[in-house]
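The structure under discussion appears below in the form of structure tokens.
Each chain gets a letter, A, B and so on, in the order the sequences are listed, and its residues count up from 1.
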Protein chains: 2
Amino acid sequence: MTEQDNSPFSDAERANRHGAGCDPAKRNQIMVGAKRAFMERGFDAAGVNDICQIAGISKSTLYVYFDSKEDLFEAIIEQERDRLFLGMAEILQSGDTPEKVLFQFGTKIAEIICSPEVVQAQRIIIGIADRMPELGARFFSGGAMRAQVDLTNYLKRKVATGHLAISDIPLAAAQFIELSIAPLWKPRLFGKMSTLPSDHDIEISVSSAVAMFVAAYGNGTT
Amino acid sequence: MTEQDNSPFSDAERANRHGAGCDPAKRNQIMVGAKRAFMERGFDAAGVNDICQIAGISKSTLYVYFDSKEDLFEAIIEQERDRLFLGMAEILQSGDTPEKVLFQFGTKIAEIICSPEVVQAQRIIIGIADRMPELGARFFSGGAMRAQVDLTNYLKRKVATGHLAISDIPLAAAQFIELSIAPLWKPRLFGKMSTLPSDHDIEISVSSAVAMFVAAYGNGTT
DNA sequence: TGCAAATCGCACCGATCAGTTCGATTTGCA
DNA sequence: TGCAAATCGAACTGATCGGTGCGATTTGCA
């Protein structure tokens with residue numbers, strides 16, 4: 001698998017010289033270039049030679065840092081997955097009303113999920129889900145599914161404090177997320193909508209999602 | 001296995017001589033085999049030789065009937081797309097209450113969209129959406145989007161007769177469809193849920209979708 | 001500066017695959 | 001039955017691509 005550099009560098013070593021395939025800067029350089037190549041052309045169409053050219057490294061070096069093209073792709077996906085959903089959980093710590101919190105949460109998730117990079121990544125992952133089934137499942141678990149779990153926990157708190165009345169809370173969380181991206185994501189994924197949805201589009205979708213959610217699960221006091 | 005010779009053609013049709021690449025039975029035979037190959041292995045992994053073997057025809061003949069592998073794939077998708085959404089519109093002609101109609105509609109669409117064949121087709125199409133952007137858009141327009149248009153028209157009628165109160169009707173249609181498949185489709189697509197959702201799973205999802213929809217857009221009389 | 005390690009550059013391998021060619025074979029109408 | 005058209009089958013083409021091997025070059029510490 002990936003060379004998860006378990007080698008403990010001494011301070012002296014870390015400064016400049018690294019073992020073969022152990023320079024984090026070079027590793028990052030490869031991943032940045034490969035990410036661009038994959039995003040622009042897809043997994044199959046992006047050749048290893050293209051990747052090397054874009055990243056500005058030699059093929060020999062690439063294969064010192066990564067075992068295979070698939071290995072490289074996995075490393076990129078895992079990194080991006082974590083990066084994208086970073087600020088997600090914080091929104092749910094706010095003390096605002098559920099309406100406001102849900103609106104912010106829905107907006108954020110719609111922005112992420114419908115962004116060109118994420119849509120492209122999703123396309124690639126879905127397309128090779130047969131060849132690399134574990135990767136698809138992990139991407140989903142660490143991305144959209146994790147957001148759903150976070151939202152579930154938030155909703156549980158709001159139910160406990162009587163702000164919301166929900167019987168099946170995980171289902172409600174999934175519903176809200178799908179509602180937030182309802183008219184946007186699927187067309188994006190299939191290429192029917194080629195341009196990024198505007199802030200206004202997202203606002204319409206998310207505010208309607210919040211309204212619907214509150215109509216169904218609100219207790220009338222908000 | 002390969003010979004699908006119980007074809008539904010009359011003796012007259014079948015006995016006739018056809019021009020090269022003009023025998024509908026042979027064309028169908030190719031498409032049946034190719035469909036199996038594509039579904040089992042995906043677009044790239046399914047080789048033309050595999051397709052020929054499964055279909056029980058020679059490569060030469062295949063290229064008499066279809067210009068390319070992509071051409072063949074398109075023909076299959078267009079055919080399947082129409083077949084799957086066949087009984088969809090009829091449900092919306094029922095005189096039942098909106099709750100019942102929506103429940104039937106949601107159940108049907110969830111069954112279709114989450115079925116193994118459709119999920120696999122969606123994966124393939126999404127995966128090659130970059131190479132064949134038109135196909136993805138057409139597949140979406142003729143499939144899920146058409147269902148959404150049908151539902152929009154139904155909802156318009158119900159709004160006109162005062163059964164429902166909706167401001168943005170196309171948005172509401174999209175919302176209902178997404179709600180119906182909310183906890184099911186995405187995990188299926190990413191390979192997180194490898195087995196077909198049970199009737200019970202679908203019922204839970206759809207009935208909750210209906211309840212939510214009525215809570216948001218009902219006028220209280222139903 | 002010298003030396004060893006890391007990286008580079010590039011040819012090369014082996015495999016795959018879409019699509020073509022063409023002679024052999026089957027099919028079905030007259 | 002004869003003949004022409006449709007189909008078969010299998011070799012072949014041309015190109016792509018992931019991955020390897022190895023000598024040349026650069027890098028950075030001693």
Expressed as a whole number of angstroms, how long is the span from [X]:[atom1] to [N]:[atom2]?
| X | N | atom1 | atom2 | result |
| --- | --- | --- | --- | --- |
| B:Ile30 | C:dG19 | CD1 | P | 14 Å |
| A:Phe66 | D:dG18 | CZ | C1' | 16 Å |
| A:Ile51 | C:dG9 | CD1 | C1' | 18 Å |
| A:Leu62 | C:dG9 | CG | P | 14 Å |
| A:Lys69 | D:dT20 | NZ | P | 14 Å |
| A:Asp50 | D:dT16 | CG | C1' | 11 Å |
| A:Asp71 | D:dG19 | CG | P | 10 Å |
| B:Asp44 | D:dT16 | CG | C1' | 13 Å |

Notebook entry, point to check: Donor-acceptor pair under 3.5 Å: do we get one between A:Ser68's side chain and the base of D:dG19?
Noted result: no
Closest to the [X] side chain, choosing from [options]:
| X | options | result |
| --- | --- | --- |
| B:Ser60 | C:dT21, C:dA18, D:dG19 | C:dT21 |
| A:Tyr63 | D:dC8, C:dC8, D:dG19 | D:dG19 |
| B:Tyr65 | D:dT7, C:dG9, C:dG19 | D:dT7 |
| B:Ser58 | C:dA18, D:dC8, C:dT7 | D:dC8 |

Next item on the list: Would you check if the side chain of A:Ser180 reaches a backbone N or O of A:Val206 as a donor-acceptor pair within less than 3.5 Å?
Entry: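 No, because the side chain of A:Ser180 does not come within donor-acceptor range (under 3.5 Å) of the backbone of A:Val206.
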Next item on the list: Report the relative orientation of the aromatic rings in A:Trp185 and B:Trp185; use parallel for angles under 30°, tilted for 30 to 60°, perpendicular for over 60°.
Entry: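 Aromatic pair A:Trp185/B:Trp185 classed perpendicular.
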Check: How are the rings of A:Phe190 and B:Phe140 set to each other: parallel, tilted or perpendicular (split at 30° and 60°)?
Finding: parallel
Next item on the list: Identify the nucleotide, in any strand shown, that forms a Watson-Crick or G-U wobble pair with D:dG28, with both distances under 3.5 Å; if there is none, say none.
Entry: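 Answer to the pairing question: C:dC3, which forms a Watson-Crick or G-U pair with D:dG28.
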Note to self: Only pairs with both distances under 3.5 Å count, Watson-Crick or wobble alike; so what is the partner of D:dG18 in this structure?
What the structure shows: C:dC13
Check: Just checking A:Lys59: base, sugar-phosphate only, or nothing, at a heavy-atom cut-off of under 4.0 Å?
Finding: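 If one applies the 4.0 Å heavy-atom cut-off, A:Lys59 turns out to touch a base.
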Check: Are A:Arg36 and A:Glu40 ion-paired here, with the side-chain N under 4.0 Å from a carboxylate O?
Finding: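 Salt bridge present between A:Arg36 and A:Glu40.
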Check: Hey, are B:Lys108 and B:Glu90 close enough for a salt bridge, meaning a charged N less than 4.0 Å from a carboxylate O?
Finding: no
